Undergrad: 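Take this structure first; my questions come after.
Chain letters run A, B, ... following the sequence lines, proteins first, then strands; residues in each count from 1. Scope of the values below: all heavy atoms of this structure, side chains included, with no hydrogens, waters or symmetry mates. It should be emphasised that the depicted structure is a prediction, and the values quoted were computed from it without experimental measurement.
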Amino acid sequence: MKKEERLVTQITPKSEDFSRWYVDVIRRAELADYAPMKGMMVIRPYGYAIWENIQQLLDRRIKASGHVNAYFPLFIPESFLKKEMEHLKGFAPEVAWVTHGGQEELEERLAVRPTSEAIIGAMYSKWIQSWRDLPILINQWANVVRWEKVTRPFLRTTEFLWQEGHTAHATEEEAREETLKILNLYREFIETELAIPVVVGKKTSREKFAGALETYSVEALMSDGRALQMGTSHHLGQHFSRVFNIRFEDSNQNLQYVWQTSWGVSTRLIGAIIMSHGDDSGLRLPPHIAPIQVIIVPISIGRWKETVLPVAVDLERRLMAAKIRVKLDSREEYTPGWKFAEYEMRGVPLRLEIGPKDINQQQVVLVRRDNGEKLTTSMDNLEGKITNLLEEIQKNMFNQALEFQRRNTHDVDNYEDFKKIIEDRRGFIRAWWCGQETCEESIKEETAATIRVIPLEKVKEGKGNCVYCGQLASEYVYFARAY
RNA sequence: CGGGGAGUGGCGCAGCCUGGUUAGCGCGCCUGCCUUGGGAGCAGGAGGUCGUCGGUUCAAAUCCGAUCUCCCCGACCA
């Protein structure tokens, strides 16, 4: 959209200042607001509705793959957290502690969970005795607290909402299979429902979760060229089962430690939706998760209340019956033009305009948020047409994002190009890496880019020279500056 | 946590350097009239202990100190 045509003027243009644009969108679209405590935000109804849709669509998948939901305590005794040292070290700097109960000082401090491996591990040791008790496939929807130094709405807040899955298995193979199964579930969910293309793969040991054997992640490229980790799936090995003593007797009467996994996605996904799809006019929401999929704006001219409004009400009823999330904005105090701009900013995928002219012709005007296309269509089988159109918008948004990701993924074979691209254009950079942490570290220091993933699906076969040290390398990996 | 910038009605800002009596402007909000196919117009009106705490002074939005919060750039994380 050209500058002079911009109707949404309360938002800083994306090209001018991405960070301000991001915060403007969040506040103007009323997704969230800053709370009076550092790093904390209130998720407002419109933003929470998006989260509820995300929850619903993901929860369905989690359950369909054999998991069940449960709820564990918010507090974790310090001694539990201390059992796995690597885990403790990873989280210690950002744990909030409860030291008093009312006036009385506690015997033992309680951590406000930064994640629940410890408390869940402690419970699993009580629940698991036999191979017949396995696998345990539990998920919980919860809030966690991490005292981060730098915060940003949805991307990194002191408290955030997420789901965390925690499973226990009899064998390592089974645990690894579960880890990858969830990784794929996340990929499919994010691409299908959030319309965000991702790359999936394994984290380097430097980037893996504190206490995990292996960490896998789902990464996406935001429209400013920086990468965002959208979800992680960890193969925990037996680290936690050994310290929490989670043992079972197998069918050969041998006592064994279980193999575990944990995995999660958070309200950060909302940040990813904003940054992947948003434009200068504000949000663009994929239809699958949009709280309002269709906004009906009656054109209020003359005796519109007697002529236009009843038809609009009827259309709303019809679309609702067809399970479309529709809203009719019949407020008199705002002009149609104002409403057009307002719902564009809020990212509503489809606008339905209906005025006196349309009623004479038995038609409506539909305007797509994804590409601005305006089409006139008859009212016959409008439910069916809109249902199809929403699906088309969903797919188109994914394709637009995929096209962006492709254009901003660069294969490089020398460090000079690497530095130049990271500096000028950002995006994903794919290059050979020798596997040494020193190269990874040096690249990070010199370019601020990190290895996002070692992709599961090989991009290139064979071997090449490490982009940093030049030694023979067998991993072709994704680099990017990340959030 | 280091470097830079900023907090003034709901939002965006001016005023501060060079203290001075009723703290302005645009948008928004309220009332009325009139309008309504891309954020209408006119008239009237409400709303601010100038982030917070302390200090200097006859006098502080303005000067000094502390503190909190936000934004940007760097080291850690969903």
Side-chain angles (χ1 to χ4, degrees), chain A residues 1 5-12 17-24 27-28 30 33-41 89-95 114-115 142-164 186 203 206-210 215 217-219 228-234 262-272 281 297-305 308 330-345 351 353-359 364-365 367 372 374 376 441 444-445 447-448 450 481-483:
Chain A
M1 194 177 280
E5 288 178 1
R6 265 170 51 85
L7 294 163
V8 176
T9 50
Q10 311 98 316
I11 296 175
T12 306
D17 185 339
F18 193 85
S19 294
R20 279 196 67 159
W21 168 84
Y22 178 74
V23 175
D24 282 354
R27 302 191 76 174
R28 291 294 179 176
E30 296 182 351
D33 200 359
Y34 289 106
M37 304 82 76
K38 181 179 165 59
M40 303 203 171
M41 66 169 181
K89 273 188 209 148
F91 284 100
E94 51 195 43
V95 169
T115 179
N143 58 336
V144 289
V145 168
R146 296 181 189 177
W147 221 264
E148 302 280 357
K149 287 167 191 159
V150 180
T151 58
R152 229 164 174 350
F154 290 114
L155 298 181
R156 195 183 297 105
T157 47
T158 303
E159 178 187 9
F160 58 92
L161 306 182
W162 75 348
Q163 61 64 217
E164 49 179 327
Y186 283 159
K203 286 289 186 186
R206 190 183 172 286
E207 300 266 329
K208 76 175 168 64
F209 176 75
T215 290
S217 100
V218 185
E219 304 264 336
L228 183 72
Q229 181 171 307
M230 293 186 68
T232 46
S233 184
H234 313 291
S262 72
W263 28 274
V265 298
S266 70
T267 34
R268 172 181 273 191
L269 293 179
I270 296 173
S281 296
V297 179
I299 305 304
S300 39
I301 299 175
R303 297 161 56 82
W304 70 282
K305 277 198 192 164
V308 177
S330 56
R331 289 178 297 177
E332 282 184 84
E333 57 271 31
Y334 293 103
T335 64
W338 186 91
K339 291 175 188 171
F340 295 168
E342 179 68 13
Y343 292 102
E344 258 163 39
M345 186 184 68
R351 177 172 76 237
E353 301 175 16
I354 181 159
K357 289 180 215 161
D358 304 310
I359 290 184
V364 297
V365 176
V367 185
K374 213 170 210 181
T376 304
E441 189 64 45
K444 182 173 185 182
E445 271 167 27
T447 69
T450 50
R481 285 190 183 164
Y483 274 98

Undergrad: Within less than 4.0 Å of OP1 or OP2 of B:C72, is there a side-chain N or O belonging to A:S19?
TA: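 For B:C72, OP1/OP2 do have a side-chain N/O of A:S19 under 4.0 Å.
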
Undergrad: Starting from C1' on B:C70, measure out to CE on A:M40 and report it in whole angstrom.
TA: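 About 16 Å, once rounded to whole Å.
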
Undergrad: Using whole Å, report how far CZ of A:R303 lies from C1' of B:U36.
TA: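 The answer, rounded to whole Å, is 16 Å.
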
Undergrad: Sort by first number and list every stem of RNA chain B: at least 3 consecutive Watson-Crick or G-U wobble pairs, both distances under 3.5 Å.
TA: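 Result, WC/G-U stems under 3.5 Å: B:1-7 with B:68-74, B:10-13 with B:24-27, B:29-33 with B:41-45, B:51-55 with B:63-67.
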
Undergrad: When rounded to the nearest Å, what value does the distance between C1' atoms of B:A60 and B:C17 take?
TA: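 So the two C1' atoms sit 15 Å from each other.
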
Undergrad: Which part of the nucleic acid, if any, lies within reach of A:K339 when heavy atoms closer than 4.0 Å are counted: base, sugar-phosphate only, or nothing?
TA: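 Contact class for A:K339: none.
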
Undergrad: Counting N and O atoms only, with roles assigned by atom type, does the side chain of A:K203 sit under 3.5 Å from a partner on the main chain of A:H234, one being a donor and the other an acceptor?
TA: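 Flag not set: sc A:K203 to bb A:H234 has no pair under 3.5 Å.
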
Undergrad: Indicate yes or no: at least one non-hydrogen side-chain atom of A:P153 is less than 4.5 angstrom from one of A:Y34.
TA: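 The answer is yes, as the side chains (C-beta and beyond) meet within the 4.5 Å cut-off.
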
Undergrad: Please measure how far the P atom in B:A61 lies from the corresponding atom in B:G74, and state the result in whole Å.
TA: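 B:A61 and B:G74 have their P atoms separated by 39 Å.
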
Undergrad: Which whole number of Å gives the distance between the C1' atom of B:C72 and that of B:C27?
TA: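 Each nucleotide's C1' atom is 26 Å from the other's.
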
Undergrad: Regarding A:P356, tell me which of base, sugar-phosphate or nothing describes its non-hydrogen contacts under 4.0 Å with the strands shown.
TA: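 Base, at least one base atom sits under 4.0 Å.
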
Undergrad: Could you state the CZ-P distance from A:R351 to B:G38, rounded to the nearest angstrom?
TA: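 These atoms are roughly 9 Å apart.
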
Undergrad: Roughly, in whole Å, what's the span from CD in A:E353 to P in B:U36?
TA: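 Atom CD in A:E353 sits about 16 Å away from atom P in B:U36.
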
Undergrad: Using atom C1' of each nucleotide, how far apart are B:U21 and B:C58 to the nearest Å?
TA: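 Comparing C1' positions in B:U21 and B:C58 gives a spacing of 13 Å.
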
Undergrad: Given side chains that start at C-beta, do those of A:V308 and A:I299 come closer than 4.5 Å, heavy atoms only?
TA: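 With C-beta onward as the side chain, the pair stays apart.
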
Undergrad: In whole angstrom, give me the gap between the P atoms of B:U62 and B:U57.
TA: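 It works out to 16 Å between them.
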
Undergrad: Taking atom C1' in both B:G44 and B:C34, compute the distance separating them and give it to the nearest angstrom.
TA: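 Result for the C1' pair: 15 Å, nearest Å.
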
Undergrad: Listed by chain and number, what are the side-chain hydrogen bond (donor to acceptor under 3.5 Å, both in side chains) partners of A:S217, not counting sequence neighbours?
TA: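 Partners of A:S217 under the side-chain hydrogen bond (donor to acceptor under 3.5 Å, both in side chains) test: A:E219.
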
Undergrad: Are there any protein N/O atoms within less than 3.5 Å of an N/O atom in nucleotides 74-78 of chain B, and if so, which ones and at what distance?
TA:
| residue | atom | partner | partner atom | Å |
| --- | --- | --- | --- | --- |
| B:C76 | OP1 | A:R206 | NH2 | 3.0 |
| B:C76 | OP1 | A:K444 | NZ | 3.1 |
| B:C76 | OP2 | A:K444 | NZ | 2.5 |
| B:C77 | O2' | A:R146 | NH1 | 3.2 |
| B:C77 | O2 | A:R156 | NE | 3.3 |
| B:C77 | N3 | A:R156 | NE | 3.4 |
| B:C77 | N3 | A:R156 | NH2 | 3.0 |
| B:C77 | N4 | A:R156 | NH2 | 3.3 |
| B:C77 | N4 | A:Y483 | O | 3.0 |
| B:A78 | OP2 | A:Q229 | NE2 | 3.1 |
| B:A78 | O3' | A:Q229 | NE2 | 2.4 |
| B:A78 | N6 | A:T157 | N | 3.3 |
| B:A78 | N6 | A:T157 | O | 3.1 |
| B:A78 | N3 | A:S266 | OG | 2.7 |

Undergrad: Using the salt bridge (Lys or Arg N to Asp or Glu O under 4.0 Å) criterion, which residues pair with A:E441? Sequence neighbours excluded.
TA: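 For A:E441, the residues satisfying salt bridge (Lys or Arg N to Asp or Glu O under 4.0 Å) (neighbours in sequence not counted) are A:R206.
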
Undergrad: Using the six-membered ring wherever Trp is involved, compare the ring planes of A:W338 and A:Y334 and label them parallel, tilted or perpendicular (cut-offs 30° and 60°).
TA: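 Rings of A:W338 and A:Y334: parallel, as their planes differ by under 30°.
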
Undergrad: Rounded to whole Å, please give me the gap between CZ in A:R20 and C1' in B:G5.
TA: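 Atom CZ in A:R20 sits about 12 Å away from atom C1' in B:G5.
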
Undergrad: Looking only at atom C1', what distance separates B:C70 and B:C25, rounded to whole Å?
TA: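 Per the computed distance, 24 Å lies between those C1' atoms.
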
Undergrad: In whole angstrom, give the distance that lies between atom CD of A:E332 and atom P of B:C34.
TA: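 Result: 13 Å.
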
Undergrad: Can you check whether A:R27 has a side-chain N or O nearer than 4.0 Å to OP1 or OP2 of B:G10?
TA: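 No.
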
Undergrad: So A:V144, base contact, sugar-phosphate only, or nothing? Heavy-atom distance under 4.0 Å.
TA: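 Contact class for A:V144: none.
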
Undergrad: Decide yes or no, distance alone: a donor-acceptor N/O pair under 3.5 angstrom between the base of B:U36 and the side-chain of A:T335.
TA: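 Absent.
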
Undergrad: With a 4.0 Å cut-off on heavy atoms, is A:R152 in touch with a base, just the backbone sugar-phosphate, or nothing at all?
TA: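 Touches sugar-phosphate only.
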
Undergrad: Would you kindly check if the NZ (Lys) or CZ (Arg) of A:R351 is within the cone defined by 45 degrees around the ring axis of A:F340 and under 6.0 Å from the six-membered ring centre?
TA: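 Yes, A:R351 and A:F340 form such a contact.
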
Undergrad: Under 4.0 Å, counting only non-hydrogen atoms across every strand here, what does A:G39 touch: a base, just sugar-phosphate, or nothing?
TA: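 Sugar-phosphate contact only.
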
Undergrad: Would you list the pairs meeting side chain to side chain donor-acceptor pair (under 3.5 Å) in which at least one residue belongs to residues 146-158 of chain A, sequence neighbours left out?
TA: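 Sorted pair list: A:S19-A:R152.
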
Undergrad: Does A:Y334 put a side-chain nitrogen or oxygen below 4.0 Å from OP1 or OP2 of B:G38?
TA: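 For A:Y334, the contact criterion (side-chain N or O under 4.0 Å from OP1 or OP2 of B:G38) is not met.
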
Undergrad: CH2 of A:W338 versus P of B:G41: gap in Å, rounded?
TA: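 Those two atoms, CH2 and P, are 15 Å apart.
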
Undergrad: Suppose we screen for side-chain hydrogen bond (donor to acceptor under 3.5 Å, both in side chains). Which residues come up paired with A:Y343, at least two apart in sequence or across chains?
TA: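 Partners of A:Y343 under the side-chain hydrogen bond (donor to acceptor under 3.5 Å, both in side chains) test: A:D329.
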
Undergrad: With heavy-atom distances below 4.5 Å as the criterion, would you say the side chains of A:F209 and A:T232 are in contact?
TA: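 They are not in side-chain contact.
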
Undergrad: Taking all atoms of both residues into account, what is the closest heavy-atom pair of A:Q229 and A:R268, and its distance?
TA: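 Nearest pair, atom of A:Q229 first, then A:R268: O-NH1, 3.1 Å.
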
Undergrad: Given atom CZ of A:R28 and atom P of B:C27, what is their separation to the nearest angstrom?
TA: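 In whole Å, B:C27 P lies 14 Å from A:R28 CZ.
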
Undergrad: Distance check, C1' atoms only: B:C76 and B:C1, in whole angstrom units.
TA: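 Going atom to atom, C1' in each nucleotide, I get 10 Å.
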
